[in-house]
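See below for the structure under consideration.
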Amino acid sequence: MKKSDINILVIDDEQLQAEPITKALVRSGFNAKYVRNYDEAQRETQIKDYHLLIVDCMLPRVNGIEVATNMRAKLGSNLKIILISGIFKDNTFKKEAIEKTKAICFLEKPFDIEDILEEVHTAFNGMITPELTPFQQLFTKKFNYDSKMVTDVIKAQGTIHGYEIPFVLTLLNTTKSSGKLTLKGLKEPIHIKFNNGQIFQVDSNDRESYFGVLLIENGFATPEEVAKGLALSSNLPIGQRMWSTNTLSPHAIDLVHQEQLSIRLSKIIQPETFEISFTENLTEIVKLSMTDPSFYRFLNDWISTKVKSDWLMSFFTPWLENPIIKGPNYSLYETLKKIALVSLSPNLNEIISNQMTFSEVMSNNKNKSFLFQSIYFLLLLEILKFSEEKVVSTNFDASLQRLKDLKENLVDKNYYEILGVEKHSPKEKIQQAFHNFAIYLHPDKVSEEAPEELRTLTTEIFQFLTEAHQTLINPQTREKYNFELEHGRAEIIIKTENLFERGLMLLNNNKFLEACECFDEVYQLKLYGDDFLVYYCWALLKKTTPPSQRTELLNLVDEFLSRIPAEIRHSSSYFYVKGLYLKTAESYDKALTAFKHSFTLNPEFKPAQIEWLSIERKMKSSGSGLGSLMNIFKKKTS
């Protein structure tokens, strides 16, 4: 049932009170009307079926209690009733009124409009079809997008979560749109410019340039060449300066420009709320932009390193019962098979041929975090779609396992993480998140044929969600919870920082096993920065590992490295760890290149130099002639 299918009648002779309630209900999506007395209410209920009455206890001629009682007798036991009054405030009266009318609650005037909206939403938990955002609606709709349609969707959306930014970028890329996307939410507005669907400029408050570092990392220039380019007296960007002196090719400038755009965009994808707008048809001369193959690769990077599974779990809740089907761009699947979120995705042929629902796919895959990210990636590119038709699963074993996984996932989460919202989220966002969960996890939704364990677990999880919701929508309880959360968080932060600093000290003293023990604790506390995984991998790779456990170690490190955002991957430490990983995997030539990058970025970083020389000696002794330590600093001849 949609909200607009739910009819609500407000019965109150005071227009100044009834009208705001009615308008708020309509704005919230319900079909609401108000009348002033019992006679008008009787006429109205003869014309239309009403699902809920909001009745003032003090009405002319016939009091509200009698009105509610008579209406229930007339409209049936499924009718829901909310009593309101500014006169009757005695607890005994309220209790007796609720018992007589079987009302769901009694609210004293004056009350906050949000309070009555919350009671109405709660009354229909498990009955309302989820309210999908304009963006979310695209996951099931079957039509060919065009630039105007996407512009209209962006306008209708109004605001987005930072984790939806990849969605917006993909829509504009797919429709070959030209214009300026504006995001407002951080310190300064962010402008992302498109030409025929390709991003060519990102204007943000990030003033850091990665161009020179990227030139060196990609082997396009030496540190000396970059330094000379920076020293030239010119207002041109460094790439253009170096091109003018024949030390850099246009191809290199193009590739590095695309990588720098990707890094700037990666830094924008944060758990923030942004106002969003798009201005079409910019007329600018564009020489360099992000090509489609690069965009797909960067999209993989943004989703796998930035978009968190907690948010995705909440985001995907409306489609638990929807089968996953082929999207219009399914042929792109073969083209993108080398991209991690595609190559490691579930078996799509099996999913599609068996018409598996999203819930069933979840039950069959253990790595939920990666699963969510993979499905998100494939949906954005329309390789997959959700079917418009829902399927009510009768596989109670799969449903039970999904609930067990969900409960396990909620155990260590705070209330904000449980609902998939941010700490600064307004009340409306918190309510929306809860109601999306409630639509599918309300105990009333469980089949009567379901086993008792499934019913009990559903009730337990719903109570957990309800507790989180009720705590966060009340300003007083939310403030108290925030204080307790921050107090406990501060203690954990201090503990995390101390453990991390001790781990670094042990790492620098080559006490790798002890460093691992410290970093293990930091990882469990889940309050580490993006660069933490670099040092954790360093310790894991350097500690003594039995040959029988090497494959497991490499898989773990590979997973960690894939979660490090692009903006963190340009330090000597990162390339050193990448070299250690490749060395452990016995890919010595690639390891040597990584250690070269590490040493080039920081010539004082001795561990990289030691590893570099060690591999050179090893490969020379085996007959592989490699250049000397300083070859990297020789001027390129091509």
Side-chain angles (χ1 to χ4, degrees), residues 24 105 107-108 110-122 125 159-163 184-187 269-275 306-315 317 369 406-438 441 459-503 518-532:
C105 68
L107 297 177
E108 292 183 17
F111 48 75
D112 191 330
I113 291 292
E114 291 296 329
D115 292 339
I116 201 163
L117 287 177
E118 181 57 28
E119 292 293 347
V120 173
H121 277 104
T122 301
N125 272 340
T159 62
I160 61 168
H161 191 283
Y163 295 157
K184 296 179 181 179
L186 299 175
K187 293 181 180 179
I269 300 168
Q270 300 290 340
E272 301 283 342
T273 299
F274 294 87
E275 294 180 20
K306 288 304 189 78
V307 182
K308 305 301 181 187
S309 60
D310 293 334
W311 180 83
L312 283 171
M313 182 178 69
S314 175
F315 185 78
T317 300
S369 177
L406 178 59
K407 181 182 177 182
E408 183 179 351
N409 186 62
L410 296 178
V411 169
D412 296 324
K413 301 288 190 298
N414 64 50
Y415 287 165
Y416 294 101
E417 292 169 334
I418 287 170
L419 295 176
V421 297
E422 306 308 318
K423 188 176 177 183
H424 53 270
S425 296
K427 183 177 180 179
E428 295 76 18
K429 288 285 185 184
I430 294 169
Q431 289 174 322
Q432 181 182 0
F434 172 70
H435 293 309
N436 279 344
F437 274 119
L441 295 172
T459 301
E460 186 179 341
I461 291 173
F462 185 73
Q463 288 174 343
F464 203 17
L465 292 165
T466 301
E467 181 182 341
H469 168 245
Q470 290 178 343
T471 299
L472 297 183
I473 62 167
N474 182 293
Q476 288 76 32
T477 56
R478 184 174 181 175
E479 183 179 359
K480 181 181 178 183
Y481 180 74
N482 285 344
F483 176 80
E484 293 172 350
L485 188 64
E486 285 304 313
H487 181 69
R489 183 183 175 90
E491 291 180 351
I492 295 174
I493 288 173
I494 292 171
K495 181 179 180 180
T496 301
E497 288 176 348
N498 289 338
L499 282 167
F500 181 58
E501 291 299 325
R502 175 167 172 75
C518 286
F519 292 151
D520 285 342
E521 284 195 62
V522 172
Y523 185 71
Q524 294 300 321
L525 292 171
K526 300 179 181 179
L527 280 177
Y528 48 82
D530 288 330
D531 62 342
F532 162 72

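In Arg478, the CZ atom is crowded: over 12 heavy atoms of neighbouring residues, nucleotides or ligands sit closer than 6.0 Å.
Side-chain contact between His121 and Gln431 is absent, with no heavy atoms from C-beta onward closer than 4.5 Å. The side-chain heavy atoms of Leu485 and Tyr415, taken from C-beta on, include no pair separated by under 4.5 Å. Inter-residue side-chain proximity for His469 and Glu118 is flagged as met; some heavy-atom pair is nearer than 4.5 Å. With a 4.5 Å cut-off on side-chain heavy atoms, Tyr163 and Pro271 count as touching. Considering only heavy atoms from C-beta on, Lys495 comes within 4.5 Å of Glu521 through its side chain.
Contact detail for Ala433 and Val421: the closest heavy-atom pair is CB-CG1, 3.7 Å.
The CZ atom of Phe274 lies 9.0 Å from the CD1 atom of Ile269; values are rounded to the nearest 0.5 Å. Atom CD1 of Ile494 sits about 12.0 Å away from atom CG of Leu499, to the nearest 0.5 Å. In this structure, the separation between CG on Leu410 and CZ on Phe464 is 6.0 Å, given to the nearest 0.5 Å. In this structure, the separation between CD on Glu497 and CG on Leu527 is 10.0 Å, given to the nearest 0.5 Å. Separation of atoms NE2 (His161) and CD (Gln270) is listed at 10.0 Å; rounding is to 0.5 Å. Summarising the geometry, atom NZ belonging to Lys413 is positioned 4.5 Å from atom NZ belonging to Lys526; distances are rounded to the nearest 0.5 Å.
Proximity of a side-chain donor or acceptor of Thr317 to a complementary backbone N or O of Met313 within less than 3.5 Å is detected. Side chain of Gln463 to backbone of Glu460: no donor-acceptor contact under 3.5 angstrom is found.
Below 30°, between 30° and 60°, or above 60°: for His487 and Phe483 the angle between ring planes is below 30°, a parallel geometry. Ring-plane geometry between Tyr528 and Phe532 is classed as tilted, the angle between the planes lying from 30 to 60 degrees on a 0 to 90 degree scale.
Side-chain contact of Asn482 with Tyr416: a donor-acceptor pair under 3.5 Å is present, judged by distance alone.
One finds a salt bridge joining Glu486 and Lys423 here, because a Lys/Arg side-chain nitrogen approaches an Asp/Glu carboxylate oxygen to under 4.0 Å.
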